[in-house]
Undergrad: 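To start, I am sharing the structure in question, which I have written as C-alpha cells.
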Amino acid sequence: MDLALRPEASVVLVALVLVVYFEMTANNFLTDANLQTLSQFVAAPVILACGEIMLLICREIDLSVGQVFALAPFVMEKAYNAGLPVVGAIVAALIVCALVGLVIGLITVHLNVPSFITTLGMFFLITGITLTISRGFPADTPNAGVLNNILGGWGYAEFLWALGLVAVMHTVLRHTRWGLHTIATGGNAIAAAEAGINIDRIKIGNFIITSTLGGFCGILEAFRIGSTDPLAGGSNIMFLGVASGVIGGTAIAGGTGTIIGGLVGGIVLGILQDGFTLQGINAFMFDTIIGGAILLAMIANIQMARWRGMRPQ
Amino acid sequence: MTSPKPHTHHTHGSEALRADGIVKRFGSVEALSGVGMHVSFGEMLGILGDNGAGKSTLLKILTGFHQPDAGTIHVNGQQQTLNSVDRARSLGIECVYQDLALVNGLSIYHNMFLNRELVRSGPFRLLNHRAMRQRAMDALADIGVNIPNVDQEVGRLSGGQRQAIAVARAVHSDARILLLDEPLAAMGAREAGQIISLIERLKARGDIAIVMIAHNYAQTLEVCDRVMLMQHGTVTYESHAAETSPAELLEIVRREYREMRGG
Ligand SMILES: Nc1ncnc2c1ncn2[C@@H]1O[C@H](COP(=O)(O)OP(=O)(O)O)[C@@H](O)[C@H]1O
Ligand SMILES: [Mg+2]
C-alpha cells in the first residue's frame, strides 16, 4: 500500500502539527520534564489500545479492561503480603487477569452474549471485587529495589514498556498466524471458519490478551505512583485506550486495524491533554476536545476508506 | 501449497469418496434426508438441482464444516468422521465454497494461504510473506490467471478474479478430492472457459476426484462423467453423463415439481 494512503499516515501528520503548535504556543513543551509527563499520559492508553485493537479487529470490545487495570495491583499486593516475591506476585496478578479474560471470552463466545454486554457486566463485577478486597483503601506498591525503577519508577519506564508492547503486538498482528486469523475472523467470520480457523479460540485468546495487558498496565502504574487507588483506571482509561485505537485508524466494525496507529492515536491524545494543560486550558474542556478529536478521526477514516475505494463497514 | 501429505498412490478408478444416508437438520429444517453419493479418482461428478435442494449443505458435510445428524462417510475406502475442516483437509479434501470463503480486507496471497500459512523456522514461527507471495504468483500464473500484484486486497477484485483465486487456492493445495460449489457462478465466458479447461486438465491427471455443483445443465453434462440431481434434500436421479440429456433432466425436475404441488 502507498505510504501516504496508510491509515496511520494522516494521524502521524496530526501529531506533528500538534507538536509544532504546542512548542510555539507553550514554550516549555519540548523539555525533558514535560516529555516525561507527556510519556506518562501516553503510556497507559497505548498499552490498553494494543489489546482493544485486537478485539476491535475481530469485532469485539472489552469495556472492563480499566477495571482489570485497577484490580491487578491489589491482587499483586495480596500475593506479596502472602509471602510471594515481587515477581511471583506480579505473575499471580497477571494470571488472575488472564482468567478474567478467559471468562469474558467463554461467556461471549459460548453463551452468545455480545461482548459489549459481557464486559459491561464484568465492569461492575470487578469494580465490586476490587473495592471489596481493598476495603476501599489504597494499597502501597511492594518495594523491590531496582525493579521498581524498571517497572515504572523511572520517568520514561512506562512509556518504554508501551513501546515494547507495541512492537510485540504489531509483530503478532502483522507477522504471525494469530494476527492474520484475527483479521480474517473480523473481516469474514464464515470464510475464516470455512478455511478451518477456530474463530472462537481467536476471540477468547484476544480477550485474554486484552485483560492481561490491562492488568500489566495497572501494575506499571502502581510502580510509577507507588500506591494504587481502588478507583484508579476505570472507564476513563478504557475509553482512552479504545479512542487511541480508533483515532489511529482501527475500524469498530472489524477486519482492519493497526497497532502502530494505536500508538500514534495515543500520542495524539496525550499531546492534546498535556499541551492544553500547559496552556492552562480549563480541564473541563479536555473531554470536549477528545470527543471532537474522535469524531474528526472517525469521519476522516471513513472518508479515507471511501477514497481508497474500499467499503468502510 | 501445503507440504505433501503422506498418501497412498491413488489408482485411477478406485473409490475416493463415498457418503451414505446423510441426514442434516438445521433446527426444524431438514436440509438433507438420507443422501448418498460417491466419486472415484479420475472421475468428475456433477450435482444439479434447485436452490435450497441441499447441495451446498452436502458439500459442507464432506469438507468437515458441518457434521451430519446421521450417515457415514468413506474416504479412500476407509470410514472417517470428518469432525473439522482440518481433518478433511488432512485427508486431501479441498473445497471451493459457493461464497468463495475469501476475506476482503486481506491480500490475495494471504487469502490463498488462509489457515495454512507458510512460517519461517524458529521459535516465533513468523509468517514467511515472501515465500507465500512467490508461490501465490506461481499458482495464479499456473492456471493462467493474470493478476499482476498479489498484494492487492481481495475486496478490490472483480467477481471472476475472486472466483479464480478461490479455485487456485483449492487446486494448488495438493488436493486429492476437489469439491467445487458453483465455481463458474460469477464468471464471464472467457474466465469460465479458463477454469473449465483447468478442471479438465486436473481430471486428465487421473488421480483426483472432482465433485462440482453447477446450475448449467448442458455445461455440466459436457464436463462431468456422471451427474446427480438433488431436490428438496434427496437425490432424485443419477446417471452417466453420456446417457442423459438436459431435456431429460429438466423433465425430471418438472415432474417432481408438479408432484410436490399436486401432493
Ligand atoms: N447454516 C444453515 N442454517 C440454517 N439453515 C440452513 C443453513 N445452511 C443451509 N440451510 C438450509 O438448508 C437448505 C439447503 O440449503 P443449501 O444446501 O444451501 O441448498 P443449495 O446449495 O442446494 O441451494 C435450505 O433450506 C437452507 O435454507
Ligand atoms: Mg448452494
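Every chain is numbered from 1, with letters handed out A, B, ... down the list of sequences.
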Undergrad: Is chain A contacted by the side chain of B:Leu106, its backbone, both, or neither, given a heavy-atom distance below 4.5 Å?
TA: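 For B:Leu106, side-chain heavy atoms alone lie under 4.5 Å from chain A.
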Undergrad: Between A:Ile150 and A:Ala157, which heavy-atom pair has the shortest distance, and what is it?
TA: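 Smallest interatomic distance, heavy atoms only, reads O-CB, 3.6 Å.
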Undergrad: Using non-hydrogen atoms only, which part of A:His181 is less than 4.5 Å away from chain B: side chain, backbone, both, or neither?
TA: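 Just its side chain gets close to chain B.
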Undergrad: Using non-hydrogen atoms and a limit below 4.5 Å, what part of residues 48-60 of chain B faces chain A?
TA: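 Only B:Lys60 of residues 48-60 of chain B have a heavy atom under 4.5 Å from chain A.
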Undergrad: Can you check side-chain contact (heavy atoms from CB on, under 4.5 Å) on B:Cys224 and B:Leu45, steps first, answer last?
TA: CA-CA 6 Å; B:Cys224 293; B:Leu45 169 70; over 6 Å; no
Undergrad: Of all heavy-atom pairs between A:Val166 and A:Ile259, which one has the smallest distance, and what is that distance?
TA: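 For A:Val166 versus A:Ile259, the nearest heavy atoms are O-CG2, 3.7 Å.
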Undergrad: Given heavy-atom pairs under 4.5 angstrom as the criterion, report whether the side chain, backbone, both or neither of A:Ala189 touches chain B.
TA: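 Nothing of A:Ala189, per the 4.5 Å heavy-atom cut-off to chain B.
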Undergrad: List for me each residue that meets salt bridge (charged side-chain N to carboxylate O under 4.0 Å, His left out) alongside B:Lys24, sequence neighbours excluded, and say none if there are none.
TA: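 Scan of B:Lys24 (salt bridge (charged side-chain N to carboxylate O under 4.0 Å, His left out), adjacent residues dropped) gives none.
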Undergrad: Looking at every non-hydrogen atom in both residues, tell me the closest pair between A:Arg177 and B:Arg116 and how far apart they are.
TA: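 Residues A:Arg177 and B:Arg116, closest heavy atoms: NH2-N, 4.0 Å.
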Undergrad: Do B:Arg169 and A:Glu194 sit within salt-bridge range, that is, some charged N less than 4.0 Å from a carboxylate O?
TA: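 Looking at B:Arg169 and A:Glu194, the cut-off is not met.
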Undergrad: Among A:Val68, A:Leu55, A:Ile53, which one satisfies side-chain contact (heavy atoms from CB on, under 4.5 Å) with A:Thr210?
TA: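 Only one of A:Val68, A:Leu55, A:Ile53 forms a side-chain contact (heavy atoms from CB on, under 4.5 Å) with A:Thr210, namely A:Leu55.
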